[in-house]
Each structure stands twice: as C-alpha cells, then as structure tokens.
Amino acid sequence: MITAPSGTLHSAQQPDWPDPQTLSTVTDRLAGLPPLVPLAEADALRERLAAAARGEALLLQGGHCAEEFGPRALGEAESTVTTLRQMAEIISYGAAVPVVPLGRMAGQYAKPRSSSTETRGGVELPAYRGDSVNGLGFTAADRAPDPWRMETAYRTAARTLERIRLLPGADDELTGPDGLADPAAGAPFHVSHEALLLDYETPLVRTDPATGRRYAGSGHLVWIGERTRQLDGGHVAFAASIANPIGVKVGPTATADELLTLTDILDPDREGGRLTFITRMGADRIHAVLPALVEKVTAAGANVLWVCDPMHGNTQVAPNGFKTRSLGDITAEIRAFVEIHRSLGTHPGGLHLELTGSHVTECVGGTDPVTLDDLDRNYTTACDPRLNRGQALDMAFLAADLWRPAR
Ligand code: PEP
Ligand code: CO
C-alpha cells in the first residue's frame with residue numbers, strides 16, 4: 001500500500017486508502033503527467049539557498065498551513081505571493097540583504113496529524129489529513145480517504161503555478177539600499193510543501209535526461225515534517241533519492257546525533273543549499289535546545305542552512321477552544337534564533353511562517369492587534385492558525401530590524 005522507494009520501509013502518517021485498485025489507477029495517471037515545475041528550477045533554487053547558507057541572502061518561506069481546493073484557491077495563493085513579495089521588499093531594503101521568497105504553496109495539501117481520529121459530540125471520524133486525502137467537513141463521506149483527490153491536488157497545483165507566473169512583478173529584482181543585486185533577478189517564483197503523502201510524491205518523480213538525476217516534480221523544495229523524520233523511515237529515504245533542495249523540520253526533542261545522521265543520508269557531499277534545517281523549538285525551549293544542536297552540527301562540518309519556524313512550537317489552545325499563537329511568542333523565538341546564531345558565529349538563514357494575505361483572526365497580537373475575543377470573527381484556517389497580512393508585515397519589519405547589519 002505504501003510506495004516508499006524500497007517498498008519495505010515504514011512510512012508514518014499515510015492514509016488508509018480504501019481501495020488499492022483505485023489507488024494504482026490514480027498513481028499510474030500521475031506518473032504520466034508532466035512535472036509541475038521545470039527540474040532545472042530546483043537547481044536554481046538550490047544555488048540561492050547556498051548563498052543564504054553562506055550568510056549572503058535570507059530565505060523567506062511562507063504560506064498557509066493547509067491549502068484547500070476549490071474556487072478560492074487561486075485567489076488565496078495570489079494574495080499570499082503578494083504578501084511574501086511585500087515582506088521580502090521590507091526585509092531586503094531594511095536589512096540590506098537579498099531575500100529569497102519561497103511559497104509554501106501549490107502542493108501543501110497533506111497534513112500529519114497527532115491523532116488519527118477526531119471526536120465531536122460523541123461522534124468519532126477519521127481526522128482531516130489535507131485536501132489531497134479527505135475533506136474537512138465532519139461527515140463520514142467527507143472524511144473517507146479518496147485517491148482521486150491526489151489528481152485534484154496536481155491540477156490545483158498546476159493552476160496555482162500558472163496564476164503565480166502571470167502575476168506582475170514576477171521578474172522584479174530585489175535590492176537593498178546599497179544596491180546589492182539580488183541573484184533572483186529574472187528568477188521564477190519558487191514553491192515548496194511538505195512531502196508527506198508518498199503516493200503523490202513518488203509517481204511525480206522525474207529524471208533529468210541530461211544528467212540522469214531524479215527530482216521531485218511536485219515542487220522546487222520539499223521538506224520532511226517533525227513527525228516523519230525517522231532516520232529509517234520512508235520519507236527520509238524518499239528525500240535521499242531526489243536532487244531537489246530538502247528541508248527537515250527540527251523540534252525540541254531532536255538530538256545532534258540525529259541531525260548528523262540526517263546530514264549524512266541527505267547531504268553526503270555537503271553541497272551548499274541542499275539541506276535546510278527548519279528549527280521549531282518554541283519560545284520557551286529554544287535557548288535550552290538550539291545552541292548545542294547548532295554547535296555540534298557545525299563542528300561536524302555539515303553545510304546546512306538554518307531557518308526559524310516560530311509557529312509550530314508556539315501553538316496554544318485559547319479559552320474558546322481555538323488553536324492560536326501569540327505574536328509575542330513568535331517574536332521571542334525569532335529574536336532568540338538570531339541571537340543564538342550570532343553568538344555562535346553561524347548564520348541565521350531565514351524564516352518559515354504560516355501566513356495568509358487576508359485579514360484572518362487566528363494569531364493574537366500585532367500592531368493592529370487581534371485579541372482572544374476576536375478569534376471567532378474570521379477564523380478560517382483548515383489546520384493551524386496563520387498570521388494575517390498585517391501581522392505578516394509586522395514580522396517583516398521585525399526581521400528587517402534583527403537582520404540589519406550592526407552600524
Ligand atoms: C507544518 O509545517 O504545518 C507542520 C505540521 O510542521 P511540523 O512538522 O514542524 O510539526
Ligand atoms: Co502547520
């Protein structure tokens with residue numbers, strides 16, 4: 001049922017598809033479709049990430065926690081891109097550093113869950129695992145996994161990418177006040193997602209005929225989540241088998257030995273830009289955990305990009321039962337991340353944020369603050385709470401300030 005590269009590895013967080021025949025019909029169809037992104041663009045992104053790993057650029061990765069299918073998908077993606085571009089301008093101007101924007105989109109349709117079921121009013125149903133697996137509605141029909149959803153994921157991603165390419169400003173050059181040229185000039189907008197659903201990712205792998213290298217055709221960068229980074233699991237093996245830049249989420253229970261083994265598996269040649277560790281410790285844990293990890297990984301000669309995800313270690317449940325995050329905690333984790341890297345002489349390489357271009361009320365705080373009482377006004381996320389547009393711009397001004405070179 002699980003199509004890990006060796007066919008025998010255990011892969012966590014995979015759906016219980018009801019019908020193997022339908023599954024293989026759909027995966028065969030995916031295997032016959034063109035890649036969603038040109039393979040050479042993954043190499044171009046890797047070079048830009050290598051610059052970020054050298055401290056010559058910053059990665060700004062962001063988008064929804066879970067993208068949804070449907071009539072609003074393209075508009076949502078467009079406003080997310082517009083927000084990311086505006087953030088990139090604020091940061092590159094303020095901190096005089098080129099910014100590499102990277103959408104968390106056109107593939108962010110599968111979610112890991114801590115519980116495989118959800119109970120409401122005494123009714124227990126399978127948990128929502130993202131639009132590429134099942135539906136968000138709380139009915140047995142919605143929650144039944146349906147392999148055909150993977151083909152809808154491909155088509156929605158293709159239309160999203162087409163919309164992004166048509167946006168004005170796609171080729172703009174971002175420069176700092178000192179006129180630092182951005183190597184992104186003329187570059188396409190790059191996209192990324194968690195490579196969670198191996199029945200979607202594996203059939204979309206394509207080989208570059210010129211080099212014989214294999215690439216995920218589903219996006220430019222893919223990452224491995226905190227719940228699926230088992231050293232002997234199917235997700236790590238999948239990532240090892242492709243040439244794209246790879247991210248790995250790193251939570252507070254990770255050990256330096258695990259990160260070193262991941263480096264050996266995923267980046268044996270220590271190729272700049274290949275491997276990004278996206279740390280998501282929580283504001284209350286980062287000081288205790290991150291310094292030793294960075295120190296040991298650096299001392300072992302790994303050549304990785306360090307990025308801060310200040311969202312996933314700072315989720316709380318509000319009094320009304322909604323999941324939320326406070327800008328105070330998010331800010332504290334970003335500040336600590338920058339301080340820790342500065343004190344170790346390593347590069348704080350960028351940010352990974354869950355955000356939207358619209359005025360949602362999901363995270364609390366900000367210059368135009370959302371309060372706990374506001375949460376139910378416009379809480380529309382399919383999964384985790386996102387920064388709204390104003391809050392995202394607040395974080396861009398914070399980043400411009402933190403990354404500004406000392407005068
Ligand atoms: C996510 O990025 O939405 C996510 C599930 O993160 P993590 O794997 O870090 O928990
Ligand atoms: Co999330």
Side-chain angles (χ1 to χ4, degrees), residues 11-15 59-68 76 80 84 102-116 127-133 136 191-198 201 219 221-231 233-236 238-239 246-254 258-259 262 266 275-283 285-286 289-290 293 306-317 322-326 329-330 333-334 337 350-356 360 362-363 379-388 391-392 395:
S11 303
Q13 296 281 346
Q14 303 306 292
L59 177 65
L60 177 65
Q61 187 178 12
H64 293 190
C65 179
E67 292 180 284
E68 293 176 81
E76 295 272 359
T80 301
L84 279 172
L102 176 61
R104 182 185 154 114
M105 63 175 58
Q108 188 53 25
Y109 308 115
K111 298 308 299 173
R113 303 315 305 247
S114 28
S115 169
S116 58
Y128 172 63
R129 289 187 174 274
D131 273 16
S132 60
V133 175
L136 185 56
V191 295
S192 64
H193 64 275
E194 179 176 349
L196 179 73
L197 185 56
L198 295 176
E201 301 297 337
L221 174 148
V222 293
W223 76 85
I224 303 170
E226 167 71 359
R227 296 168 184 78
T228 52
R229 59 175 169 75
Q230 297 80 17
L231 300 175
H235 294 86
V236 169
F238 171 76
I246 299 295
V248 182
K249 292 289 201 89
V250 177
T253 60
E258 280 173 339
L259 299 193
L262 281 170
L266 296 173
L275 183 57
T276 298
F277 283 143
I278 306 164
T279 62
R280 29 87 84 221
M281 301 300 178
R285 306 285 295 279
I286 183 167
V289 178
L290 186 63
L293 292 179
W306 295 97
V307 167
C308 175
D309 165 0
M311 313 299 292
H312 289 88
N314 293 310
T315 313
Q316 311 163 27
V317 180
F322 287 27
K323 277 200 285 185
T324 190
R325 293 156 171 164
S326 86
D329 292 339
I330 291 167
E333 182 158 356
I334 297 172
F337 173 81
L351 293 175
H352 178 119
L353 301 171
E354 287 183 342
L355 58 84
T356 155
V360 300
E362 297 172 5
C363 293
Y379 194 100
T380 60
T381 183
C383 194
D384 288 338
R386 305 159 295 179
L387 302 173
N388 63 28
Q391 292 169 330
M395 293 302 100

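Every number for a ligand or one of its atoms is a count from 1 in the order of the listing. Not measured: the values here are computed from a predicted model.
By the side chain to side chain donor-acceptor pair (under 3.5 Å) test, Q13 pairs with R129, sequence neighbours left out. Partners of H235 according to the ring-ring contact (aromatic ring centres under 6.0 Å, His included) rule, which considers only residues two or more places apart in sequence or in another chain, do not exist here.
Under 4.0 Å is where a charged nitrogen must lie from a carboxylate oxygen, and between R386 and E354 no such pair does. A salt bridge between D384 and R325 is present, with a side-chain N of the basic residue lying under 4.0 Å from a carboxylate O of the acidic one. Using a 4.0 Å cut-off between charged side-chain N and carboxylate O, E258 and R229 make a salt bridge.
In summary, the side chains of E362 and T324 do not present any donor paired with an acceptor at a separation below 3.5 Å, with no hydrogens or angles considered. Between the side chains of E333 and N314, at least one donor-acceptor pair of N or O atoms lies under 3.5 Å. Side-chain contact annotation: D329 with Q316, donor-acceptor N/O pair under 3.5 Å present.
For H352 and W223, the gap between ring centers is short of 6.0 Å.
Ligand 1 is surrounded by C65, R104, K111, P112, G225, E226, R227, K249, R280, H312, E354, each with at least one heavy atom closer than 4.0 Å.
Shown are the protein N/O/S atoms under 2.8 Å from the Co ion (ligand 2), given by residue and atom: C65 SG, H312 NE2, E354 OE2, D384 OD2.
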